[in-house]
Amino acid sequence: MSNDRYSSPLSERYASKEMQYIFSPEKKFRTWRRLWIALAETEKELGLDITDEQIEELKAHKDDINFEVAKEREKLVRHDVMSHVYAYGVQCPKAKGIIHLGATSCYVGDNTDIILMSEALQLVRKKLVNVIAELAAFADRYKALPTLAFTHFQPAQPTTVGKRATLWTQEFLMDLEDLDYVLGSLKLLGSKGTTGTQASFLELFDGDQETIDKIDPMIAEKMGFSGCYPVSGQTYSRKVDTRVMNVVAGIAASAHKMSNDIRLLQHLKEVEEPFEKNQIGSSAMAYKRNPMRSERIASISRYVMIDALNPAITSATQWFERTLDDSANKRLSIAEGFLAIDGVLDLCLNVVDGLVVYDKVITKHLMSELPFMATENIMMDAVKKGGDRQELHERIRQLSMEAGANVKQNGLDNNLLELIAADESFGLSLEELQAAMDPARYTGRAELQVENFLKNCVSPVLEANRDLLGVTAEINV
């Protein structure tokens, strides 16, 4: 790494080596050569005068790319594709005349973009499945642990720690569904020529329409795709990039939501993200344990969500069969969007795997609010002992206001139970009231909902993807 020029934090700090390789020059130009071989093989199989010797020469040099030759040639001709055609031809003198035959630059450029996005989505998918698996294990472990729920970040009817985790998990499952749909819909551009009309192939194949119809399906099969887009201009529709990056942005939104919840819970000292033995939380306040990883999830996720605007605007502003104002934008937005979401998912894996739950703090917070939430049950118990429901309702209202004032104005503990026990109209002792303070009585069907969700929604997904499980994430800094 050079210290005298800008270096992307996506490469140096956040993204994995696997994702960086997918968008590396080596991967890109090796894919170009695979596409040139697929084109030459297809043209030979369909009757053009291309020899086995030429094909074998191309295959012999498909991975040993002479980057310096291509770089020097590009300085002269200012065209990346023709520079690599030239460099490949230097290595393959017998085949140089048939490299890129009948194709336009987008044959290698656009088909490679689809291939790389497909592979990147598969890596994202692998990590996403593992995030879901870790969240599912966490939800199952804490499915019965009662905790305060919040609406408007104000204490509300209790839920369980595991039930809350299912809310995060469900959003990631939605993302997985979207990803699978888009990944399954990706097609290659194929080889359609300068404006998508395949005019060059009419010349090469003497106007044989049936033969020309076979070109795209054969190339797609050789490259591992089900087919090519049926029509195009010079490029595949940039709507494709929009769909892909919307999926990536959706994952970022889910991760951001989860990380925000974890940050708020860490403030309450109920849940804490992993904190290493020698980690420093603050340069000034040595005692601090800041939720730095969750904050980083939120930070990078915002970048990803905004990045999804790039392909949308690019798609909207393409003119007719193509303009080149997409190219520089695509080089940045697609690669960096994937590098960023890769870093986000690694952080999610790390945080969820190491989440610490402080059950005693959770119980303390819950018990400080539970008397207010238990008033309806208390009122019913008092009615069973002969009390008047309407009168009791008014007394509970008045006593709740008094207890609330003790907490908010005087900084005292919630003494609602003591106030009710001292009121003869309820006919309930403090012991009886305290016996009614079992938190599990107030979490509704939360535990069962977790069990049903994991069994019916998560387990089938994990079972279908069991070969992808076991991923662990390495956090650089």
Side-chain angles (χ1 to χ4, degrees), residues 14-16 18-19 22 116-139 162-186 239-262 293-294 296-312 333-353 355 450 453-454 456-471 473:
Y14 305 138
S16 67
E18 293 86 350
M19 188 61 82
I22 290 173
L116 298 188
M117 286 194 296
S118 175
E119 293 190 20
L121 281 173
Q122 290 171 37
L123 179 56
V124 167
R125 186 182 189 281
K126 181 178 182 180
K127 294 186 177 183
L128 181 58
V129 166
N130 279 271
V131 170
I132 291 168
E134 288 192 356
L135 277 171
F138 180 86
K163 171 63 191 298
R164 179 176 285 140
T166 65
L167 304 183
W168 304 332
T169 312
Q170 181 170 249
E171 293 194 352
F172 283 122
L173 280 174
M174 293 178 187
D175 296 323
L176 182 62
E177 291 174 357
D178 292 344
L179 190 156
D180 283 343
Y181 177 79
V182 170
L183 182 59
S185 73
L186 284 181
K239 175 73 76 174
V240 175
D241 297 343
T242 302
R243 296 172 79 186
V244 169
M245 293 311 296
N246 280 343
V247 168
V248 173
I251 298 170
S254 300
H256 195 298
K257 199 278 184 198
M258 179 183 75
S259 72
N260 272 4
D261 285 354
I262 291 171
R293 300 176 197 203
S294 295
R296 189 178 300 170
I297 291 171
S299 183
I300 305 174
S301 291
R302 286 200 295 272
Y303 174 84
V304 176
M305 288 185 278
I306 294 300
D307 187 54
L309 285 172
N310 277 301
S333 61
I334 303 300
E336 293 191 355
F338 273 110
L339 291 176
I341 200 62
D342 183 68
V344 166
L345 287 170
D346 278 349
L347 286 163
C348 288
L349 286 167
N350 179 267
V351 167
V352 176
D353 181 55
L355 270 183
V450 174
F453 175 72
L454 296 180
N456 300 324
C457 302
V458 180
S459 292
V461 170
L462 298 183
E463 176 61 25
N465 294 280
R466 61 184 181 276
D467 57 319
L468 301 180
L469 298 177
V471 171

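What you are looking at is a predicted structure, and each value in this text was computed from that prediction instead of being measured.
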*asked:* Determine whether Asp346 and Ser16 satisfy the following criterion, side chain to side chain contact (heavy atoms under 4.5 Å, CB included), listing intermediate values before the conclusion.
replied: CA-CA 8 Å; Asp346 278 349; Ser16 67; 3.9 Å; yes
Contact summary for [X] and [Y], nearest pair of heavy atoms:
X: Leu349; Y: Val131; answer: CD2-N, 3.5 Å
X: Ser294; Y: Ile262; answer: OG-CG2, 3.5 Å
X: Ser254; Y: Asp175; answer: OG-OD2, 2.6 Å
X: Ala133; Y: Leu469; answer: CB-CD2, 3.8 Å
X: Ile297; Y: Ala255; answer: CG2-O, 3.5 Å
X: Ala252; Y: Met305; answer: CB-CG, 4.0 Å

_Full working for side chain to side chain contact (heavy atoms under 4.5 Å, CB included) between Leu186 and Val244_ = CA-CA 9 Å; Leu186 284 181; Val244 169; 4.1 Å; yes
Do [X] and [Y] come within less than 4.5 Å of each other through their side chains, counting heavy atoms only?
X: Leu121; Y: Phe338; answer: yes
X: Asp307; Y: Asn310; answer: yes
X: Asp241; Y: Met117; answer: yes
X: Arg243; Y: Ser185; answer: yes
X: Val129; Y: Leu462; answer: yes

*Under the side chain to side chain contact (heavy atoms under 4.5 Å, CB included) criterion, do Ile251 and Val248 qualify, and how do the steps go?*
CA-CA 5 Å; Ile251 298 170; Val248 173; 5.6 Å; no
*asked:* Applying side chain to side chain donor-acceptor pair (under 3.5 Å) to Gln170 and Thr166, what does each step give before you reach the verdict?
replied: CA-CA 6 Å; Gln170 181 170 249; Thr166 65; over 6 Å; no
Nearest-0.5 Å distance, [atom1] of residue [X] to [atom2] of residue [Y]:
X: Leu176; Y: Ile132; atom1: CG; atom2: CD1; value: 5.0 Å
X: Arg296; Y: Ser301; atom1: CZ; atom2: OG; value: 12.5 Å
X: Glu134; Y: Asn350; atom1: CD; atom2: CG; value: 8.5 Å
X: Tyr303; Y: Tyr14; atom1: OH; atom2: OH; value: 11.5 Å
X: Leu135; Y: Asp353; atom1: CG; atom2: CG; value: 10.5 Å

Is there a donor-acceptor contact under 3.5 Å from the side chain of [X] to the main chain of [Y]?
X: Asn130; Y: Gly470; answer: yes
X: Thr242; Y: Pro311; answer: yes
X: Ser459; Y: Leu454; answer: yes
X: Asn465; Y: Val461; answer: yes
X: Asp342; Y: Met19; answer: no
X: Asn260; Y: Ala298; answer: no

*asked:* Using side chain to side chain contact (heavy atoms under 4.5 Å, CB included), reason through Cys348 and Met258 one step at a time and then give a plain yes or no.
replied: CA-CA 9 Å; Cys348 288; Met258 179 183 75; 3.9 Å; yes
_Under the side chain to side chain contact (heavy atoms under 4.5 Å, CB included) test against Val344, which residue among Leu339, Val124, Ile300 passes?_
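Passing option: Ile300.
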